[in-house]
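Data block below; observations after.
Letters A, B, ... are given to chains in the order of the sequence lines, protein chains preceding strands, and every chain is numbered from 1.
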Amino acid sequence: MRWTGFYLFTTREVPKDAEVVSHRLMIRAGMTRRVAAGIYNYLPLGWRSLAKLMTIVRRELEVAGCVELSMPAVQPAELWRESGRWSRYGKELLRIRDRHERDFCFGPTHEEVITDQVRHDVKSYRQLPLNLYQIQTKFRDEIRPRFGLMRGREFLMKDAYSFHADVASLDETYEVMGQAYERIFEACQLDFIRVEADSGAIGGSHSHEFMVVAGTGESVVVRCGSCDYAANQERAEAVLSPPRDAESAERPEPEALEDVDTPNQKTVEDVATFLDVSPSQIVKTLIYETDKGLVAVAVRGDREINDVKLGNFLDVEWLEMAGEARVREATGAPVGFAGPVGLGEDIRLIGDYSVRQSVNFVCGANRADGHNRGVNWGRDATPESWVDLLLVEDGDPCPRCGKRLQLSRGIEVGHIFQLGTKYSEPMKCVFSDKEGNSHAMPMGCYGLGIGRTIAAAIEQNHDDKGIIWPLPLAPFEVLVAPLQVDDPEVASTAERIYRELLEKGVDALYDDRDERPGVKFKDADLIGFPLRVVVGSKSLAQGHVEVSMRRGGERQSVAVERAVVHILDLLTVG
RNA sequence: CGGGGCGUAGCUCAGCCUGGUAGAGUGCACGGUUCGGGACCGUGAGGUCGGAGGUUCAAGUCCUCUCGCCCCGACCA
């Protein structure tokens, strides 16, 4: 490809609202341009990187036994009504109406459509298992799209769906897919980890996310420094105060329950200072509002609740911290003075493990400017359940080996989970077993963000000059840059090298622009071609061209006749 | 959805408070000097100042409405 014939325009400046490195660099390198909020053009250069990733994905999925197909972006509401998601999915589902006033949506995912297809064709256990995938445009009407391709509304996603005759088969495919994902991200040369993830209301025994390690990631990853435990923070188990036998522990004598005045002491820190206790001796009571009513959660004063765990335990569709008015209604006190003692009948009380062993603790008294001290479970209040609801923090003990956990940030580029019969059941995607009995097919689903993976690759591979592509994802492997295009000697040499590279199957771009050397160098660094061949009149007079690698940046003078061989060597080594 | 901010040349922005001739840099075109790390000089083209309405002799500037975009928040008592 010749630069002047390629639609490639770099810029020096970038809109000030582009804050994340990958976003800025993609705009500057001429890879993408925003069309609307969270909606982008993939320009030829960017599209080449996406295409390379898609090729890798297809290659590994074929190995894993997946079959590619393509499904529509626009889907009829009736399928979503059947699965129940038309009403449940919420505002992220972009709903549209055709000229006949029929309801459609722009697909955010394709469980309904694929299930509808498979139930039509597959009737017997003999036809299972199946694993179908597509790479296709999705639309999710995100509250706040941001960070360019990292969180767009319209985006490219590889989504695969597997169908099985039994759970064992699902388990097997799930593992195969996990390995395929590992091979994909390894092939992209990305630093990633596979973490346990929350499978949420979907149920299912397994769910894993694939995270590209990056400080700008939106997800928090919990890792053990000693063993291989790794989980999404939403999922990570807390073992702060493991349950133990009450009688085996030495417990202080219960003190009398006391009601003390704590004027204006609303936060845990305020109360701790005021009453001269440590925050961990305070039991904080959080009031949540859910679609199943109000819930009070007791947790150690210095810790936070993991809303995802809470939502899963309660099996609710939504929950949020109750507002000022609801808190007052529920506890009779303003925010800051809720406590487990004497809570109303209409509010459930759940205890987090972190306070199960608490004795003679401090908590809100459910009145303005008042707290209880000397509170004890059983005598003064009793949660209906003790549950792990804690948000894991840096330094907490590992649930597997007890060593310290570390928190880091990651970009979620892949998510695999077992759906079970969540869709096959309501949509009657059934098959006959050997005995002729009918069963809903257990399903798995496997997503991989194409654009997000490219963005993540840039987040992980750049410097102050620009992108440093991992070779497999680079839009072009080699840039051939003649510095003086009007010098016939320079031009013909550069052109010859370029042509030979093409003949050898190398993905090369020929910078035939009549630009000053500085401009060409800056653009080369910005775009991040892994290899660069510079043909300049001065070195050519010595019979040399210059070959350099973007990563590391070292330049080598190479004899003209050896240039192509040398480049091929470098490309093989990687 | 709540709060804040921004829409002016292809791009990045100034001008708005205090109403009176539409600006800079960059990019683009042309000419010249340059030519191995985003050169310099000169000339030029390029704008319904997001849109609608209002106030005014006069609106990019003030007011109202509207559309679009961005940021923060919508979580810890």
Side-chain angles (χ1 to χ4, degrees), chain A residues 9-20 23-24 27-28 30 33-39 90-91 143-148 234 262 264-272 279 282-289 296-308 310-311 318-324 326-328 330-331 333-339 352 354 362-366 368 371 389-391 393 465-466 481-487 490 513-527 532 534-541 544-546 548 553 555 557:
Chain A
F9 309 104
T10 61
T11 61
R12 278 198 236 200
E13 285 171 311
V14 89
K16 67 163 183 281
D17 47 48
E19 290 185 333
V20 175
H23 189 196
R24 297 177 66 88
I27 293 171
R28 286 199 52 209
R33 194 176 74 90
R34 195 183 63 79
V35 175
I39 298 174
K91 290 186 178 170
I143 307 174
R144 189 147 76 85
R146 55 181 137 184
F147 304 155
E234 293 178 345
T262 51
N264 272 320
Q265 309 298 309
K266 290 185 181 178
T267 67
V268 166
E269 288 70 30
D270 291 345
V271 176
I282 294 176
V283 169
K284 174 163 86 174
T285 305
L286 308 174
I287 311 297
Y288 282 86
E289 193 167 2
V297 182
V299 61
R300 215 172 80 179
D302 57 339
R303 297 299 298 250
E304 296 180 5
I305 287 293
N306 181 334
D307 286 357
V308 173
L310 179 60
W318 61 269
L319 60 79
E320 58 186 26
M321 298 294 295
E324 176 83 39
R326 296 290 279 155
V327 169
R328 193 177 283 272
T331 68
V335 167
F337 300 97
D352 177 70
S354 62
V362 172
C363 63
N366 297 319
H371 279 77
L389 298 174
L390 206 62
L391 188 71
E393 290 176 6
K465 294 178 186 165
L483 294 187
Q484 299 83 17
V485 287
D486 48 359
D487 178 330
V490 168
R513 295 176 303 166
D514 183 11
E515 285 289 353
R516 295 165 57 85
V519 173
K520 296 196 173 195
F521 291 138
K522 291 287 183 191
D523 277 342
D525 289 341
L526 173 61
I527 293 170
R532 188 181 78 192
V534 169
V535 182
S537 53
K538 285 178 190 162
S539 52
L540 192 58
H544 288 111
V545 296
E546 177 190 287
S548 58
R555 304 180 200 174
S557 247

Among B/G38, B/G36, B/G37, find the nucleotide with the atom closest to the side chain of A/V519.
B/G38
Where do A/H544 and A/S557 come nearest, in terms of heavy atoms and distance?
CB-OG, 4.0 Å
If you check every side-chain atom of A/M321, which of B/G36, B/C75, B/A39 has the closest atom?
B/C75
Nearest-Å distance, NZ (A/K520) to C1' (B/G36)?
12 Å
Under a 3.5 Å cut-off for both distances, is B/C6 Watson-Crick or wobble paired, and to whom?
B/G68
B/C13 P sits how many Å from A/R12 CZ, rounded?
16 Å
Nearest nucleotide by nearest heavy atom, which residue falls closer to the 5' end of RNA chain B, A/F147 or A/F337?
A/F147
Given B/C69, B/G38, B/A77, which nucleotide is nearest the side-chain atoms of A/T267?
B/A77
A/H371 NE2 to B/A77 C1', in whole Å, measures 8 Å
Tightest non-hydrogen contact, residues A/A322 and A/V327, listed as O-CG2, 3.7 Å
Establish, with yes or no, whether the OP1 or OP2 oxygen of B/C76 is under 4.0 angstrom from a side-chain nitrogen or oxygen of A/K284.
no
Take the protein atom NZ of A/K465 and the nucleotide atom C1' of B/G37, then report the distance between them rounded to whole Å.
8 Å
Under a 3.5 Å limit for both distances, which nucleotide forms a Watson-Crick or G-U wobble pair with B/C1, could you say?
B/G73
Measure CD1/A/I527 against C1'/B/G38 and give the value in whole Å, please.
13 Å
Residue whose nearest RNA chain B nucleotide is more 5′ - A/R34 or A/F521:
A/F521
Does the base of B/G38 carry an N or O that pairs as donor and acceptor with the side chain of A/R28 under 3.5 Å?
yes
From the candidates B/C76, B/A74, B/A77, the one with an atom nearest any side-chain atom of A/Y288 is B/C76
Could you let me know what B/C49 is paired to, Watson-Crick or G-U wobble, both distances under 3.5 Å, or none if it's on its own?
none
Measuring from the side chain of A/E13 (C-beta onward, heavy atoms only), which nucleotide among B/A77, B/G37, B/C11 has the closest atom?
B/C11
Quick one: pull up CZ in A/R532 and CD in A/E546 and give me the separation to the nearest 0.5 Å.
6.0 Å
Given B/G36, B/A77, B/A74, identify the nucleotide with an atom nearest to the side chain of A/L286.
B/A77
For A/R532, report the nucleic acid contact type (base, sugar-phosphate, nothing); a contact means any heavy atom under 4.0 Å.
base
Reported NZ-to-CG distance for the pair A/K465 and A/L526, which is rounded to 0.5 angstrom
12.0 Å
Take atom P in B/A59 and the same atom in B/A52, then report the distance between them in whole Å.
14 Å
Shortest side-chain distance from A/R516, nucleotide among B/U34, B/G36, B/G73
B/U34
What is the pairing partner of B/C62, taking Watson-Crick or G-U wobble pairs with both distances under 3.5 Å in any strand?
B/G54
Using a 4.0 Å heavy-atom cut-off, does A/A481 contact any base of the nucleic acid, only the sugar-phosphate backbone, or nothing at all?
nothing
Shortest non-hydrogen pair, A/V299 vs A/S354, comes out as CG2-OG, 3.7 Å
Check the distance between B/G27's C1' and A/R33's CZ and give it to me in whole angstrom.
15 Å
Rounded distance (nearest 0.5 Å) linking atom OG1 of A/T285 with atom CZ of A/F337
13.0 Å
Per atom distances to the A/R146 side chain, the nearest of B/A74, B/C71, B/C70 is B/C71
Can you figure out which of B/G73, B/C76, B/G36 approaches the side chain of A/D307 most closely?
B/C76
Rounded off to whole Å, could you give me the CG-to-C1' distance for the A/D487 and B/C35 pair?
12 Å
By nearest atom, which of the nucleotides B/C69, B/A77, B/G36 is closest to the A/A36 side chain?
B/C69
Whom does B/U21 pair with, Watson-Crick or G-U wobble, provided both distances fall under 3.5 Å?
none
Tell me which nucleotide, if any, is Watson-Crick or G-U wobble paired with B/A29 when both distances must be under 3.5 Å.
B/U43
P-based separation of B/U56 from B/G19 [nearest Å]:
16 Å
Smallest separation among heavy atoms of A/E13 and A/R28, with atom names
O-CG, 4.4 Å
Separation of atom CG in A/L390 from atom P in B/C76, rounded to whole Å:
16 Å
